[in-house]
Structure formats: structure tokens, C-alpha cells
Amino acid sequence: VVFDEIEEARRDFMTTALVNAIDHRGFVEYTLKRADGSDGCDTRHAPTAGAIFVLTSNCFLDELAEVWRRHAAGGRPHADAYEATRAEMERRIFTDAIPCSRA
């Protein structure tokens with residue numbers, strides 16, 4: 001299951017859809033308009049046991065691109081620029097917990 005550009009999702013996304021999808025019950029609940037066009041909605045459950053969730057984001061894209069440019073300049077190996085960019089991304093997400101400026 002791919003959730004693309006999660007920073008653009010509703011603010012309650014992490015505490016509703018995603019948490020429900022990975023909770024101990026192993027399903028996500030969703031609501032659809034009725035196929036026959038009648039009034040109301042139908043609530044359904046989709047199993048999530050065994051699902052793999054991938055969340056993508058453009059958070060820090062500009063900042064990470066600048067780290068790449070700085071380290072790739074002057075003919076340094078791309079592996080060095082990659083490692084520096086990855087370290088910066090991990091610092092921002094896991095260590096500093098800096099909120100996404102694009103949200």
C-alpha cells in the first residue's frame with residue numbers, strides 16, 4: 001500500500017487511516033457511497049494483515065538537494081554525497097524531529 005506525499009494528507013491522517021490500518025485488529029475501515037445511487041454510505045473493512053506500507057514524502061527536498069550539491073561539488077565521489085545526504089535526512093527525521101516545512 002503506497003501513500004504518496006503524506007505531508008499533503010489531512011492533518012489527522014496518521015491518527016486515523018494509518019493507525020487503523022496497522023492496528024492489532026488487522027483491517028482498515030472505509031466508507032463508500034452506495035453503488036446503486038441510493039442515499040447513505042456503506043462501511044466496509046479491508047484486511048491489512050501481511051500488507052507492506054510505503055509512505056513517500058517531499059519533506060526537506062530542497063534542503064537535501066543543497067546537501068547533495070555541496071558534497072558533489074569539486075569532483076567528490078557520488079557515494080560521499082549520497083552518504084552525507086542520507087545522514088542529513090536521518091538527522092532531520094529521527095534525531096531532530098523537525099516538522100516538514102512543506103505541510
Side-chain angles (χ1 to χ4, degrees):
V1 178
V2 177
F3 293 98
D4 191 27
E5 297 184 17
I6 61 168
E7 70 275 10
E8 295 182 18
R10 289 189 338 243
R11 286 200 156 308
D12 64 345
F13 170 75
M14 294 299 283
T15 56
T16 56
L18 190 56
V19 171
N20 286 335
I22 60 175
D23 76 358
H24 66 280
R25 292 174 291 181
F27 69 86
V28 63
E29 184 176 282
Y30 62 99
T31 305
L32 296 172
K33 291 183 179 180
R34 292 191 174 139
D36 63 7
S38 63
D39 289 339
C41 296
D42 291 324
T43 299
R44 298 184 182 172
H45 296 100
T48 58
I52 297 172
F53 291 87
V54 177
L55 288 71
T56 70
S57 175
N58 290 327
C59 284
F60 317 121
L61 183 63
D62 297 335
E63 294 91 339
L64 294 175
E66 180 55 33
V67 170
W68 176 271
R69 280 191 290 278
R70 240 186 5 255
H71 283 81
R76 292 184 189 167
H78 281 169
D80 291 351
Y82 171 81
E83 288 302 322
T85 304
R86 182 180 172 94
E88 179 67 11
M89 178 182 66
E90 288 182 4
R91 181 188 69 79
R92 286 177 174 269
I93 294 171
F94 299 115
T95 304
D96 295 344
I98 299 172
C100 178
S101 58
R102 291 181 181 255

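By convention here, the first residue in the shown sequence is residue 1.
Not counting sequence neighbours, the partners of D42 by the salt bridge (charged side-chain N to carboxylate O under 4.0 Å, His left out) test are R34. A search for salt bridge (charged side-chain N to carboxylate O under 4.0 Å, His left out) contacts involving E66 returns R69, not counting sequence neighbours.
Cluster annotation: I52 is connected to V2 through the hydrophobic network of ILVMFWY side chains, with a link wherever side-chain heavy atoms come within less than 4.5 Å. Linking Ile, Leu, Val, Met, Phe, Trp and Tyr residues whenever their side-chain heavy atoms come within less than 4.5 Å places F60 and M89 in a single cluster.
Across all non-hydrogen atoms, the minimal contact from C41 to T31 is CB-CG2, 3.2 Å.
The environment of D39 atom CG is sparse: at most 12 non-hydrogen atoms of other residues, nucleotides or ligands sit within 6.0 angstrom. In this structure, R86 places its CZ atom where only 12 or fewer heavy-atom neighbours from other residues, nucleotides or ligands lie under 6.0 Å away.
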Would you tabulate the side-chain donor-acceptor contacts of residues 75-82 under 3.5 Å, counting partners in other chains and residues two or more places apart, or write 'none'?
none

- Message: If you apply the rule side-chain contact (heavy atoms from CB on, under 4.5 Å), what do you find for T85 with H71, and how did you get there?
- Response: CA-CA 8 Å; T85 304; H71 283 81; 5.9 Å; no
